[in-house]
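To start, the structure itself, in structure tokens.
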Amino acid sequence: MPPSIGSALVPHLTRVHARLRVPGDKSISHRYAMLGALADGVSHLDGYLAGADCIATLSCLEAYGVPVSRSVSARGLLVRIDGRGLRGFRPPSAPLDCANSGTSMRLLAGLAAAHPFRSVLGGDESLARRPMRRVIEPLTSMGATIAASEGRPPLTIDGANLHAIAHAPDVPSAQVKSAVLLAGLHAEGRTSVREPAPTRDHTERALEAFGAHVVRDGSTIAIDGGQRLHAIDARIPGDISSAVFWLALAAGIPDSEITIEDVGLNPSRSAVLDVLRRSGARIETSMDQDRAGEPIGSIHVRSGDPRSFEVTAAEVPLMIDEIPALAALAAMRAGVTMTVRGASELRVKESDRIAMLARGFRAMGVGVEEYDDGFSIAGGPPSGGDVDAAGDHRLAMAFAIAGTAARAPVSIQGAESVAVSYPGFFTELERLAQSR
Ligand code: S3P
């Protein structure tokens, strides 16, 4: 039967040797665009991720009256942002569309809270299900007025002159930390966030790159309000959360190796490499440069002797986005199990990633046990079949990677969702299949 529109047939792979680059980092792209919009002067951002999430951020900034121009460069998008200076946004004439992007909505909520007019932030059906109280509460205590139905989008935000708070969120979340710090940049006094566990620190590094002073003291990050930002010219590194699908591929297929060049190696993102090593993969990294405070280099992975592995609750916040790729690796190799606990945050991502991951891998003939806060997956290889990505980009890619080792064809419904973070994913997979 020919595949239907939006479905992808996964090529079977037996050995992969490749060197490649992945699209620009999603987290960094969002942050540089927002800080560029707040800065004085013109920023040029090369390698900006052309994925739907980061495009949504640019469109929202344009709706706030920020001049943005984009052109295609060898590394993705080249984005030029004419900063409007602190508190320089204009009232938007219509609701802002954050599409599928939780990062756009939560971080922009921090900026909307600091601008003295009404902003309405909405998005697609998946985003409409995601919890927003985690940003509504701190931003309200800083002085904004925010209306939402049962703490879910759309958010109607009446911005105000904010005052500083000391916030201690219950969940470790870089998005919450960033929303509060971005609001804090506009507030009277010193705003701080005490993290229950460390999360990615791109906001702190980006604020420094744009000229702000950030105070880090153990698990507390603080910022003084009123600091002006200056524009930057930056080249955004590849996204390790996209690279990890290729790392899992090379780790999961015997006699394979892949090198990923020009990828971000920020230690608050690279903990997944330790887990891959525990799974038997042989991994080397080389740190080549520091750009705008972000360490960047290459990762070389070779398949090794597969071993069962666990992701512990303490590790989860630093690799929350990489768990689907790790599950794909476990699904590929016979006799291997992966267990993750303490990961209930996965249930409130672009999909309920525990339930949808279990449903998808089972549809491919892989055994999955589901827990409230995680799952256990027992290696196949997958027998094959039709799998639904549940509109979730990372699940689509995880099923595709596992499907390369399947005994019979795997097709993925909703494959187009990869456009959220990795528009060329299936083209790259096909290229790898052809180049063996
Ligand atoms: C992100 C933080 C994480 C992650 C998301 C991107 C960010 O979300 O899952 O893909 O750029 O700050 P949480 O902060 O909700 O854990």
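Predicted, not measured: the structure shown is a model, and the values here were computed from it. Whatever order the structure lists ligands and atoms in, that order sets their numbers, starting from 1.
Within 4.0 Å of ligand 1, counting heavy atoms only, the contacting residues are K26, S27, R31, T103, R106, S173, A174, Q175, R200, I320, D321, K349.
For F117, the ring pair (Phe, Tyr, Trp, His ring centres under 6.0 Å) criterion is met by H115, not counting sequence neighbours. The ring pair (Phe, Tyr, Trp, His ring centres under 6.0 Å) search around Y64 returns F89, not counting sequence neighbours.
The side chain to side chain donor-acceptor pair (under 3.5 Å) pairs that include a residue from residues 177-187 are R31-S178, K177-E195, K177-T199, K177-E204, S178-T203, where partners are two or more places apart or lie in different chains.
Using cut-offs of 30° and 60° on the angle between ring planes, the pair F245 and F425 is perpendicular.
Checked by atom type, the side-chain pair E294/H202 shows a donor-acceptor distance below 3.5 Å. Inspection of the S241 and R269 side chains reveals an N or O donor paired with an N or O acceptor under 3.5 Å.
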